[in-house]
Structure formats: C-alpha cells, structure tokens
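Keep in mind that this is a model prediction, so the values were computed, not measured.
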Amino acid sequence: MVGALLLGLLALAIYVLTLKEQPWLAVMVALSGGLSWSLWLYWRERRQRLHLQQELLELERELNEVRKTAIAATRAKSAFLANMSHEFRTPLSIVIGYSELLAEDAENGLLQTEQTLNYLQRINSAARQLLALVNEILELTRLEAGDVVVNRGRWPIGLVIDEVKTAILPLASERNNQLMIELEVDPTTIVEIDRAKVRQILLHLLQNATRFTHQGEIRLTVTIHNNGKGPPLLQMKVSDTGEGMTGAQLDLIFEPFTRFEEQLTKRYSGVGIGLAIAQRLCQAMDGSIAVMSQPGKGTTFWVTIPLVKEQSPVAASL
C-alpha cells in the first residue's frame with residue numbers, strides 16, 4: 001500500500017511539473033499513475049478474496065473432520081452399548097432362569113441338595129460376571145473423569161508378580177495355554193509403586209492374552225531399567241502366540257467404545273474396555289503402554305512405569 005501511494009504521489013508531482021511545458025507527457029504520467037493505483041487496488045482485492053477462500057476451505061475441512069468424528073463416536077458408542085447389552089443379557093438370563101427353576105422346585109417340593117447347589121453355583125457365577133462388568137464400567141468412568149488417586153507403597157516386586165500369576169494361571173489352563181514368568185530382577189527387590197494399579201494393569205493385559213490364545217504360550221517379562229538420568233523404570237512385557245491383530249485393529253485397541261469385527265465379537269466375551277482401563281491406569285502413574293501385533297503371529301504389550309525413588313531399588317532386608 002505504501003509503495004502504491006508513493007507511486008501515485010510521484011506521478012502527481014511529475015504531472016504538475018510537466019503540465020505547462022509538455023501537456024502530453026503530463027497526461028501520460030497521470031494515466032500511468034491512475035493505472036498503477038487501479039492495478040494495486042485490484043491486486044489487494046484479489047489477495048483478500050483468495051485469503052477468504054482459503055479460510056473458508058479450512059473451516060469447511062475442520063467442519064467435515066468434526067462431523068466425521070461425531071459420527072464415528074456415535075457409531076462407536078452405539079456399538080458399545082449393543083455389545084454391553086449382549087454381555088449383560090447372558091448372565092442376567094442365567095440368574096433369572098435358575099432362580100425360576102429353584103422357585104418351581106421349592107413350590108413342588110422337589111428340591112434336591114445336589115441340584116440346588118448346582119443351580120446356586122450357576123447363579124453365583126453369573127452374578128459375579130455381572131459385578132465384574134459393572135465394576136469395569138465404573139472404573140473407566142472414574143478414569144475418564146480424572147477421579148483417580150495413586151497410592152504408592154514399597155513392595156517386593158516378586159509379591160506383585162505372584163499375585164498376578166495366581167489369578168491368571170487358572171484362566172490360562174482353561175485354554176491349554178502355558179504361562180511363562182520371566183522376572184529379570186531379584187524377587188525381593190523393593191519398588192515404590194501403586195501395587196493395586198500395577199496388578200490391575202497386568203491382569204487386564206494377561207486376561208486379554210488368554211482370551212485370544214489357545215494352546216499357545218503367554219509370557220510375562222519384568223525388569224527394572226535405570227539409565228542414571230532419572231527415576232528407575234519398571235518395565236513389563238506381556239506377549240502371546242495368539243491370533244494377533246491388523247494395523248486397523250491396533251489403531252482402535254485402546255478405544256473404550258470399540259469392539260472388533262462381528263466374528264470376534266461372537267467368539268470372545270467382554271465389553272472391550274479392559275485395555276482402555278489399563279492404558280488410563282498407566283497414564284495416571286505417569287507411565288506408558290505400547291503394543292505390536294501381526295495377524296497369526298501374536299501380540300506384545302510393553303508397559304513402562306517410573307518409580308518414585310531417584311536411586312536404584314534396593315533389595316529387601318531379610
């Protein structure tokens with residue numbers, strides 16, 4: 001704008017100076033100045049128009065992304081609710097069905113100890129399954145809301161791993177899987193962690209591994225890494241020889257409202273939020289979780305959680 005104004009002023013000055021002596025030159029100067037001014041106005045208007053067009057295109061792209069995200073979120077939540085309803089329906093049907101059978105037998109005086117105990121065991125198992133589903137949903141809700149408190153304590157690492165092994169071994173045996181534990185540190189080594197949350201993370205990962213592995217191997221590897229530049233890192237790796245996942249599935253693996261294709265949904269139980277809970281628990285402890293998988297070649301999860309102490313963990317005194 002400044003350049004065009006100076007050019008106009010220069011043309012005006014030349015016009016005034018040459019008006020008396022050379023009128024034709026003055027006219028040419030005036031015309032060139034006017035033309036320059038018109039060209040500058042046209043250029044400015046065109047630049048502004050292009051800028052507005054670019055802004056409109058950018059806003060349109062953003063709107064499309066928001067629309068796609070909203071549609072995807074709605075579909076994912078709808079699918080989640082559908083799957084969750086399916087998961088609740090099965091144990092509820094068991095509770096209602098066997099309760100009605102017990103009531104009928106009681107009314108007809110046909111109660112038998114062995115059969116009654118069998119019915120009650122089925123009801124109890126279904127009720128526990130329902131409770132587990134409700135607890136997972138409530139846990140995820142609290143984590144999503146940021147309502148989580150990290151309670152660190154000093155524990156022998158071997159104690160935490162033994163607790164996890166005791167809980168997972170029966171599940172692994174049900175599917176004829178071999179559970180391998182590799183503790184690459186002295187079991188008596190004291191670490192400062194939230195014991196309950198670390199145990200919960202490992203249980204979710206190992207339960208996921210047992211669900212998708214049959215007659216295979218599930219391996220838990222635990223180590224402590226200390227590079228001297230920060231707090232030691234508790235590193236845990238859970239790997240299996242199961243079905244594995246595609247790249248598209250890996251992109252959604254930690255999404256709480258996502259289940260895989262219908263074929264897997266029918267074959268495996270669960271509402272698909274265990275891994276989402278594990279990820280958020282890691283984040284609550286300033287840790288991280290990563291995954292690598294290939295179809296037919298199994299899946300591996302890596303969990304890294306920083307320990308509070310700046311120095312290396314020390315062995316527990318006997």
Taking the six-membered ring for Trp, are Tyr98 and Tyr119 parallel (under 30°), tilted (30 to 60°) or perpendicular (over 60°)?
tilted
Between atom CD of Glu243 and atom CZ of Phe212, what is the distance when rounded to the nearest 0.5 Å?
7.0 Å
Given 3.5 Å as the limit, does a donor-acceptor pair link the side chain of His225 with the main chain of Leu233, or not?
no
In short, salt bridge (Lys or Arg N to Asp or Glu O under 4.0 Å) pairs touching residues 91-116 with sequence neighbours left out are none
Side-chain (Arg152) to main-chain (Glu192) donor-acceptor, under 3.5 angstrom:
yes
Rounded to the nearest 0.5 Å, how far does CD of Gln115 lie from CG of Leu120?
10.5 Å
Using modelled atom types and a 3.5 Å cut-off, is there a donor and acceptor pairing between side-chain atoms of Lys197 and backbone atoms of Ala284?
no
Taking the side chain as every heavy atom from C-beta outward, state whether Ile277 and His204 have any pair of such atoms under 4.5 Å apart.
yes
Do Arg67 and Asn64 pair up side chain to side chain, a donor and an acceptor below 3.5 Å, judged on atom types alone?
yes
Output yes when a side-chain donor or acceptor of Thr246 lies under 3.5 Å from a complementary backbone atom of Gln249, and no otherwise.
yes
Check whether any side-chain heavy atom of Met285 sits under 4.5 Å from a side-chain heavy atom of Ile201, and report yes or no.
yes
Trp302 side chain reached by Met292 side chain, heavy atoms, under 4.5 Å:
yes
Sub-3.5 Å donor-acceptor pair from the side chain of Asp186 to the main-chain atoms of Thr188, do we have one?
yes
When you compare the side chain of Asp286 with that of Pro306, does any pair of heavy atoms fall below 4.5 Å?
yes
Quick one: are Ile161 and Leu202 in side-chain contact, heavy atoms under 4.5 Å?
yes
Nearest 0.5 Å, what's the CZ-CG distance between Arg122 and Leu101?
10.5 Å
I would like to know whether Ile123 and Leu102 meet side chain to side chain contact (heavy atoms under 4.5 Å, CB included); could you show each step before the answer?
CA-CA 11 Å; Ile123 292 173; Leu102 282 173; 3.9 Å; yes
Quick one: are Glu184 and Val222 in side-chain contact, heavy atoms under 4.5 Å?
no
For a side chain to side chain contact (heavy atoms under 4.5 Å, CB included) check, start with the C-alpha distance between Ile157 and Val191, then their side-chain angles and the critical distance, and finish with the verdict.
CA-CA 6 Å; Ile157 187 62; Val191 291; 4.2 Å; yes
Any donor-acceptor N or O pair under 3.5 Å, side chains Ser239, Thr300
no
What I'd like to find out is whether the side chain of Met236 reaches to under 4.5 Å of the side chain of Thr304, using heavy atoms alone.
no
Between Asp240 (side chain only) and Thr299 (backbone N and O only), is there a donor and an acceptor less than 3.5 Å apart?
yes
With rounding to the nearest 0.5 Å, note down the distance linking CD in Gln178 to OG1 in Thr241.
9.5 Å
If you round to the nearest 0.5 Å, how far is CG of Leu179 from CG of Leu206?
6.5 Å
When you measure from the side chain of Arg154 to the backbone N and O of Ile190, does any donor-acceptor pair fall under 3.5 Å?
no
Mark yes or no for whether Thr116, through its side chain, and Gln112, through its backbone, hold a donor-acceptor pair below 3.5 Å.
yes
Can a salt bridge be assigned to the pair Glu217 and Arg219 using a cut-off of 4.0 Å between side-chain N and carboxylate O?
yes
Strictly below 4.0 Å, N to O, side chains only: are Arg199 and Glu163 in salt-bridge contact?
yes
To the closest 0.5 Å, what do you measure between CG (Asn177) and OG1 (Thr213)?
5.5 Å
Is it true that atom CZ of Arg128 has more than 12 heavy atoms of other residues, nucleotides or ligands lying nearer than 6.0 Å?
no
Can you check whether Leu205 reaches Val303 side chain to side chain, under 4.5 Å on heavy atoms?
yes
